[in-house]
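For reference, the structure discussed in these notes is given below.
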Amino acid sequence: MDFHTPQTIAELEQQLVRHSFFQRVHKSYLINLNMVESISPFGGNYFIVKFSGCKKDAIISRGNIDLVKKHLNIS
């Protein structure tokens, strides 16, 4: 689900910091980790994340994948 707002992702990230299930995973994506259905490699430096009940995907950069895996308890 897309949300359109005049706020930057950095501003949204600051507002959502108290909710541990939101994670900045790319310069253009802030995701709800509770909705992650699957994560797959995409190219050399990225991963594609699919969400439960959503047709849109997001990109996770290689630098953020370890944080996501840690939160989701996957290796």
Side-chain angles (χ1 to χ4, degrees):
M1 178 179 302
D2 290 339
F3 290 98
H4 300 276
T5 178
Q7 294 174 300
T8 66
I9 288 188
E11 291 168 336
L12 288 172
E13 184 179 21
Q14 287 292 38
Q15 290 177 353
L16 297 170
V17 72
R18 67 182 180 274
H19 302 287
S20 63
F21 50 88
F22 281 100
Q23 177 70 46
R24 180 90 173 258
V25 296
H26 182 271
K27 66 180 181 178
S28 300
Y29 294 99
L30 180 65
I31 67 169
N32 181 339
L33 295 167
N34 291 335
M35 299 303 292
V36 171
E37 185 174 281
S38 67
I39 300 172
S40 305
F42 181 74
N45 295 314
Y46 299 100
F47 295 82
I48 293 291
V49 60
K50 296 188 180 288
F51 303 98
S52 300
C54 183
K55 294 180 183 179
K56 300 259 182 174
D57 301 335
I59 295 172
I60 301 174
S61 63
R62 182 166 297 285
N64 290 313
I65 192 65
D66 290 337
L67 290 172
V68 173
K69 286 181 175 182
K70 181 179 177 182
H71 181 84
L72 297 174
N73 294 318
I74 57 177
S75 51

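Counting from 1, the numbers follow the sequence of the chain as shown.
The aromatic rings of Phe22 and His19 lie perpendicular to each other, with more than 60° between the two planes, well past the 30° mark.
Residues passing the ring-ring contact (aromatic ring centres under 6.0 Å, His included) test with His71, sequence neighbours excluded: none. Residues satisfying the ring-ring contact (aromatic ring centres under 6.0 Å, His included) criterion with Phe42, sequence neighbours excluded, are absent altogether. The side chain to side chain donor-acceptor pair (under 3.5 Å) check on Glu11 picks up nothing, with sequence neighbours excluded.
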Just list the side-chain donor-acceptor pairs under 3.5 Å for residues 28-40, sequence neighbours left out, or say none.
| residue | atom | partner | partner atom | Å |
| --- | --- | --- | --- | --- |
| Asn32 | OD1 | Asn34 | N | 2.9 |

Please report, to 0.1 Å, the donor-acceptor pairs under 3.5 Å made by any side chain of residues 60-69, with sequence neighbours excluded.
| residue | atom | partner | partner atom | Å |
| --- | --- | --- | --- | --- |
| Ser61 | OG | Val25 | O | 3.3 |
| Ser61 | OG | Asn64 | ND2 | 3.0 |
| Arg62 | NE | Gly44 | O | 3.1 |
| Arg62 | NH2 | Gly44 | O | 2.5 |
| Asn64 | ND2 | Val25 | O | 3.0 |

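Within the 4.5 Å cutoff, no side-chain heavy atoms of Val49 are placed close to those of Phe47.
Applying the salt bridge (charged side-chain N to carboxylate O under 4.0 Å, His left out) test to pairs two or more places apart or on separate chains, those with a residue in residues 20-33 are Glu13-Arg24.
Cluster membership for Ile59 and Ile74, using ILVMFWY side-chain heavy atoms within less than 4.5 angstrom, is shared.
From Gln14, atom CD reaches atom CD of Gln7 across 11.5 Å, with rounding to the nearest 0.5 Å.
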